Protein chains: 2
Amino acid sequence: MATRTDPLTLEVVELIGAVVARYHEEYDRAAAEHSLTGAQARVLGLLSLEPLPMRKIAVRLKCEPSNVTGIIDRLETRGLVERRPDPADRRVKLAAATETGRRTARELRDALDFAREPLAGLSDAERAVLRDLLRRMLGEGAEGPV
Amino acid sequence: MATRTDPLTLEVVELIGAVVARYHEEYDRAAAEHSLTGAQARVLGLLSLEPLPMRKIAVRLKCEPSNVTGIIDRLETRGLVERRPDPADRRVKLAAATETGRRTARELRDALDFAREPLAGLSDAERAVLRDLLRRMLGEGAEGPV
DNA sequence: TGAATATTTCATGATGTCAAGCAAATCGGT
DNA sequence: ACCGATTTGCTTGACATCATGAAATATTCA
């Protein structure tokens, strides 16, 4: 069994650190091209799929709801998102991407090279192996993707 | 060849997103146990290996040097880091971890379960495969680890 | 009615950028 | 070798974003 100090494990951990760094670089770069911050791009991506109450956005982002207020404020100011009342519960405000917001989110997804470029060098079989290893690494506790 | 929309590639990208999220959770949690922010923990980790000029810390963090000033200020206030003059160049200030800082950095590394826990389920052979796939994913452009 | 929920506001702090400033090193022309 | 101009390293200040926590408000639920 591997201890945490064996060279192979250490190298894998280093590589994962490099993947994390690379992921953020790409994400922030793509966001910046649309004058968005990473957090704004992430929320816009969520809302481009479906409107969400503020509270649920906070859960997805793992942050306080009061924080989400500001992020949505800034997206709303730029016309990418709008607040709608929830007909079922008047306490709730649904944040929804506008048409412009959905377009921006699509462009952002397309610009995110992290998906294609680094994986392009791997064959289908290798990608399948990678998928299985990552799945097992993340274990059962990892339901929802980002 | 895989397009960016084939289901396998998409799942791998999702899994990588999950790994990134998990990595940060673990890192920030470990840092918070020592009342450190993620950025502070990262800098302290760097400085526990060797003293660095402010400028080089900024390069490692990919941020402006003026930002590093504040981070080092806060670490210095808590006695984890000290500024020393560089004998070779009097413009330069070397940030160095104090004895307390090195101890904190060591405890932090030990508390970082991301290294052991998720990888513990993989055999040596599987870890080797994972290493090779990650290496190829990152390509040649990925010299320095985090 | 009273407790719980959803959102916002306010205060505060960490992190990030950029522009401006100072001190020290380096360069180029004489 | 000298001296002025530029460059380099760091800090400061102003400002925006992101994050937390406490308090206020409105609405729902028991």
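Each chain gets a letter, A, B and so on, in the order its sequence line appears, and its residues count up from 1. Predicted model, so just to flag it, every value in this text is computed and none were measured.
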Which nucleotide in C/dC18, C/dT7, D/dA19 has an atom nearest any side-chain atom of A/C63: D/dA19

Looking at B/R91, I'd like to know whether one of its side-chain N or O atoms comes within less than 4.0 Å of OP1 or OP2 on D/dT11. no

According to a strict under-4.0 Å criterion, is A/K93 in side-chain N/O contact with OP1 or OP2 of D/dA26? no

Between D/dT11 and B/R83, is there an OP1 or OP2 to side-chain N/O distance shorter than 4.0 Å? yes

Salt bridge check, B/E11 against A/R127: does any charged N sit closer than 4.0 Å to a carboxylate O? no

Below 4.0 angstrom from OP1 or OP2 of C/dA25, is there any side-chain N or O of B/R90? yes

Side-chain N or O of B/R55 closer than 4.0 Å to phosphate OP1/OP2 of D/dG9: yes

Check the distance between C/dT15's C1' and A/Q40's CD and give it to me in whole angstrom. 15 Å

Length of the line joining B/I71:CD1 and C/dG16:C1', which is rounded to integer Å: 9 Å

A/N67 CG to D/dT17 P, in whole Å, measures 12 Å

Separation of D/dT11 P from B/R74 CZ (nearest whole Å): 13 Å

Rounded to whole Å, please give me the gap between CG in B/L61 and C1' in C/dT15. 10 Å

Donor-acceptor pair, side chain of A/Q40 and main chain of A/T37, under 3.5 angstrom: yes

Closest listed nucleotide, where the reference is the side chain of A/D89 and the choices are D/dT27, D/dC18, D/dT7: D/dT27

Take B/P53 and A/A88, find for each the nucleotide of DNA chain D with the closest heavy atom, and name the residue whose nucleotide sits nearer the 5' end. B/P53

Separation of C/dT15 C1' from A/D28 CG (nearest whole Å): 13 Å

Think B/S66 has a side-chain N or O under 4.0 angstrom from the OP1 or OP2 of D/dT11? no

Nearest of D/dC18, D/dT20, C/dT8 to any side-chain atom of A/E64? D/dT20

Could you state the CG-C1' distance from B/D73 to D/dT11, rounded to the nearest angstrom? 9 Å

Which pair of heavy atoms, one from B/S48 and one from B/R109, lies closest together, and at what distance? OG-NH1, 3.5 Å

What is the distance, to the nearest angstrom, from the NZ atom on A/K56 to the P atom on C/dA6? 10 Å

Without swapping roles, check the side chain of A/E76 against the backbone of A/R83 for a donor-acceptor pair under 3.5 Å. yes

Taking B/T98 for its side chain and B/L80 for its backbone only, find out whether a donor-acceptor pair lies under 3.5 Å. yes

